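Computed over heavy atoms, backbone and side chain alike; hydrogens, waters and symmetry mates excluded. Ligands are counted one by one from 1 in listed order, and the atoms in each one are counted from 1 as well. Keep in mind it's a predicted model, so treat the numbers as computed, not measured.
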Amino acid sequence: MNWKNDESNTAFQRALQILPGGVNSPVRAWKHMDMDPVIIERANGSKIYDIDGNEYIDYIASYGPLILGHAHPSVVNAIQSAAKRGTTYGSTSLEEIDFCQEILEAFPAMDKIRLVNSGTEATMSAIRLARAYTQRDLILKFEGCYHGHADPFLMKAGSGLLTERIPSSPGVPLSTAQCTLNASFNNFEQVETLFQHHGSHIAAIIVEPFPANMGLLFPKEKFLQMLREITIQYGSLLILDEVISGFRFCYGGLQSIVGIEPDITTLGKIIGGGLPIGAYGGREEIMNLIAPQGSVYQAGTLSGNPIAVAAGRATLMELKNQPTLYDDIQDQTKTLTFGLDTILQNHGIPHILHSYGSVFSLFLTNASSIDDYNDVLKSNETIFSSLFTTLIKRGIMIAPSPYEVSFVSAAHTQLDINNTLISWEEAVTKWKQKINV
Ligand SMILES: *Cc1c(COP(=O)(O)O)cnc(C)c1O
């Protein structure tokens with residue numbers, strides 16, 4: 001296979017003239033890699049294809065939604081048949097009610113739910129609701145967690161803000177920024193101190209139970225329990241942002257695996273099956289504050305869109321009806337991370353691999369553990385971009401940032417995993433030759 005990128009380069013030059021940075025979302029620019037992004041033509045199963053005809057085994061998976069892989073037949077059929085019945089109604093559909101009920105059954109902590117159009121809408125609405133319920137203004141979040149691009153979340157956030165080293169986005173009013181407290185993930189003392197000083201003004205803690213927007217991190221033992229207890233103690237709410245983790249590790253939330261009952265949960269990504277959707281839900285007395293039942297205003301022309309709902313429902317049905325699906329993707333992921341670990345060890349490259357279910361992330365670091373944002377910042381970007389370039393040219397698509405996780409989907413085959421490991425071996429060998437010259 002002869003990799004080429006003439007068509008992509010020409011198209012990207014056009015994109016640069018008309019889109020900021022040539023993209024519609026910052027993580028799609030390969031700004032810190034040694035090459036311009038390839039431009040996509042289509043995708044199917046575990047594979048994605050660019051306009052030069054190159055084929056890639058895809059581990060970006062659109063940054064989380066595609067647990068079944070690209071263009072899964074059930075999802076595509078559901079979308080086609082929904083589209084024929086109309087693309088949007090401006091009134092409630094039966095499918096919407098069924099879909100919401102299906103989600104609620106998988107999330108016992110949620111009594112009621114509201115559909116929105118993106119993860120960002122879910123989190124921004126969730127904190128409005130938490131503020132209304134508690135009649136308090138402050139939000140506590142963690143450095144390196146990402147909760148979408150709404151104003152209150154853009155200080156020391158993960159995802160594209162970490163890749164671009166944007167510590168705090170311009171355009172956020174100081175008064176808004178001052179309402180967000182930042183703590184270091186896994187730092188018990190810091191959370192306790194913040195509550196001692198500001199506890200009676202904190203509306204909510206918002207947290208990704210396993211942060212997955214600065215690589216994949218794990219909470220220390222009892223850390224999430226402590227967040228649950230301290231919020232109860234101070235009358236604050238706990239919002240678990242499960243936009244990535246919802247339906248990713250089991251049929252339901254990571255909250256059921258870690259045994260934490262949040263007051264509000266936010267969802268997105270997988271529940272839309274690759275179409276734009278988000279949701280937030282929680283205890284009845286809290287959710288009843290939302291208009292038109294209550295007066296916390298939140299609305300959307302396309303909320304509960306019938307095509308997105310159809311794609312989401314089809315995805316959830318596949319996840320539910322394939323009892324071994326979660327174990328199977330976890331096994332594939334283990335084979336991949338074991339192989340990758342062996343390759344890096346054989347070449348003497350210091351690293352830490354974090355892996356859970358079908359998600360993994362590689363930190364190129366000398367550190368002995370990665371527990372928070374500051375640990376993550378010390379991982380090596382130079383090695384990463386060299387590895388990335390070889391992987392792309394060998395047909396492996398990973399995110400163009402050392403801070404984004406990789407996703408394995410149900411469409412990845414054993415052959416995909418084997419070929420991926422062969423390419424990683426080549427990428428590491430090539431990098432070593434380069435630095436030895
Ligand atoms: C992706 C993500 C969001 C934002 O979702 P969008 O649909 O991109 O707006 C929020 N929270 C978490 C944890 C995410 O991973």
Side-chain angles (χ1 to χ4, degrees), residues 23-29 60-67 107 114-128 130 139 141-164 169 180 185 204-219 224 227 238-249 253-255 258 260 262 264-281 298 300 302-305 308-309 311-312 315 356-361 373 376 399 401 403-407:
V23 292
N24 281 311
S25 189
V27 295
R28 298 176 195 169
I60 298 180
S62 193
Y63 293 90
L66 299 176
I67 191 166
F107 282 82
R114 167 63 64 87
L115 295 181
V116 291
N117 300 294
S118 68
T120 298
E121 270 191 63
T123 52
M124 63 188 266
S125 308
I127 62 162
R128 181 182 304 139
I139 297 296
K141 71 173 230 2
F142 294 92
E143 294 168 359
C145 281
Y146 180 68
H147 304 293
H149 68 86
D151 283 358
F153 305 125
L154 297 183
M155 282 65 68
K156 285 200 171 181
S159 189
L161 291 104
L162 175 53
T163 303
E164 299 301 326
S169 173
T180 301
F185 192 76
I205 292 181
I206 183 166
V207 65
E208 298 178 73
F210 290 5
N213 282 288
M214 49 174 158
L216 178 66
L217 266 60
F218 302 116
L224 296 174
L227 300 184
L238 179 64
I239 304 170
L240 286 188
D241 183 355
E242 297 230 40
V243 170
I244 277 195
S245 57
F247 295 97
R248 170 53 64 178
F249 303 113
L254 196 45
Q255 54 193 263
V258 296
I260 302 289
I264 301 175
T265 300
T266 52
L267 294 170
K269 297 192 173 130
I270 287 177
I271 64 159
L275 270 74
I277 213 167
Y280 63 108
Q298 186 275 304
L302 295 179
S303 294
N305 174 267
V309 163
T315 300
Y356 187 76
S358 51
V359 179
F360 69 94
S361 71
Y373 180 76
V376 171
S401 161
Y403 308 115
E404 299 284 353
V405 298
S406 290
F407 294 98

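Heavy-atom proximity to S118, at under 4.0 Å, picks out these atoms of ligand 1: 7 (O), 9 (O). In the vicinity of T120, heavy-atom distances shorter than 4.0 Å reach the ligand 1 atoms 4 (C), 5 (O), 6 (P), 9 (O). Close contacts between ligand 1 and D241 involve ligand atoms 10 (C), 11 (N), 12 (C), 13 (C) [criterion: under 4.0 Å to a heavy atom]. Of all the atoms in ligand 1, the ones that sit under 4.0 Å from a non-hydrogen atom of I244 are 15 (O). Close approach of ligand 1 to G148 is summarised as follows: ligand atoms under 4.0 Å from at least one heavy atom of the residue are 3 (C), 4 (C), 10 (C). The ligand atoms of ligand 1 that sit less than 4.0 angstrom from a heavy atom of E208 are 13 (C).
Between K269 and ligand 1 there is a heavy-atom distance shorter than 4.0 Å.
Nearest heavy-atom pair across T315 and G273 is OG1-CA, 3.2 Å. Here the closest heavy-atom approach between residue L240 and residue P262 is recorded as CG-CB, 3.6 Å.
Ring orientation note: the planes of F249 and F210 are tilted relative to one another, at an angle of 30° to 60°.
If you look at N213 next to ligand 1, the close heavy atoms, those under 4.0 Å, all belong to the side chain.
When only non-hydrogen protein atoms are considered, atom 3 (C) of ligand 1 lies nearest to V243 CG1, 3.7 Å.
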(message) What verdict does the side-chain contact (heavy atoms from CB on, under 4.5 Å) test give for V376 and L217, after you've listed the backbone C-alpha separation in whole Å, the side-chain angles of each residue and the deciding distance to 0.1 Å?
(response) CA-CA 9 Å; V376 171; L217 266 60; 3.9 Å; yes

Practice task
Quick one: do I67 and F407 satisfy side-chain contact (heavy atoms from CB on, under 4.5 Å)? Show the steps, please.
Solution key: CA-CA 8 Å; I67 191 166; F407 294 98; over 6 Å; no

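A centroid separation of less than 6.0 Å is found between the aromatic rings of F247 and F107.
Side-chain atoms of P26 and T163, non-hydrogen and from C-beta on, never get closer than 4.5 Å to each other.
Closest heavy-atom approach to atom 7 (O) of ligand 1 among the candidates G268, A212, G119, P276: G119.
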